[in-house]
Amino acid sequence: MIDLHSHSTISDGLLTPAALVGYAAKQGVRVLALTDHDDIDGLGEARQAAQTHGVHLINGVEISVTWRKRTIHIVGLNIDPDNEALKHRLAEVRHNRLERARRIADGLEKAGISGSFEAASAYAQNGILTRMHFARVLVDRHYARDTKSVFKKYLVRGKPGFVDHQWMTLESAVNLIIHSGGEAVLAHPGRYDLKRTSMLELLEEFRSLGGAAIEVVTGSHTPPQFVEYAKYAQLFGLKVSQGTDYHGQGISFMEMGRMPDMPSGCVPVWQDWVHARHVNFSV
Ligand code: AMP
Ligand code: MN
Ligand code: MN
Ligand code: MN
């Protein structure tokens, strides 16, 4: 099993990088990409655990991007965690995230929910602060029954805990990934709620910037979307990727190691890794 999208406590996952790798191994994952939001700090710990468990770790990241006033996510695979430009820009994003988290807390305060910044920070520990941390606080306090409904009621556009935020440009994110030796993958395209024309424009722009692949099988897509996005990939000559986007028990759309098959006729993003990167898929 190949899983190229997952999160640890470095961003909004529930398991430490080492525990995540251990769990992946137990669930039958042999090639795992750790792709924390805007942070690559977990990769060292994950790599050590990967050696212990016989998992092939792919160095990854999931970069937040603003494209036409929408937030989209670009996954970088096989990036170099020591690349200075990448480290520097991600540190900037994390700094801005902190300011954003304060504004989210202000918004929630106005809706009568106090102390959410401190509570979310306690969850985030030393990692970044995401809306997922706020969601967990609100579930604890019984504002909704699960993180999914909390998002709907409090954390999406038009709700008290939503703030407009300017993330990186698509061009910067793709360039950073490519210049650090990685491949850029458009994460969960089906989640952006784009009309077909806009989706075609996004894919065209992404490809012309040097984007390599799009996620087809992901916890964020329905089975009909697997087929739909496999077709988009073929249309644009893009490769395809797959990943659970695992965040932890109870807050994930797909269980680690339980991924449906990729539709036929796709070119996987890992196609050349066996030769180029010595990935042993049979371990
Ligand atoms: P942020 O990057 O701070 O905006 O946090 C976004 C994270 O929250 C995503 O990576 C998901 O893990 C989670 N998330 C976003 N939208 C939803 C949603 N509608 N339902 C559940 N989780 C969501
Ligand atoms: Mn997340
Ligand atoms: Mn994402
Ligand atoms: Mn993700």
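Atoms within a ligand are numbered from 1 in the order they appear, just like the ligands themselves. Computed from a predicted structure; not experimentally measured.
- Contacts of H221 classified as ring pair (Phe, Tyr, Trp, His ring centres under 6.0 Å), with partners at least two apart in sequence or in another chain: Y229.
- Legend: protein N/O/S atoms lying under 2.8 Å from the Mn ion (ligand 4), waters omitted, number 4.
- Taking the ring pair (Phe, Tyr, Trp, His ring centres under 6.0 Å) definition, one finds that F253 meets it with nothing, sequence neighbours left out.
- Note on D12: its N/O/S atom closest to the Mn ion (ligand 2) is OD2.
- In this structure, F206 has its ring center no closer than 6.0 Å to that of F236.
- For the side chain to side chain contact (heavy atoms under 4.5 Å, CB included) test, residues two or more places apart in sequence or in another chain that qualify with S121 are F117, L129.
- Applying side-chain contact (heavy atoms from CB on, under 4.5 Å) to L194 and the options I72, L200, L202 leaves one that passes, L202.
- Between E84 and K87 a salt bridge is recorded (basic side-chain N to carboxylate O distance below 4.0 Å).
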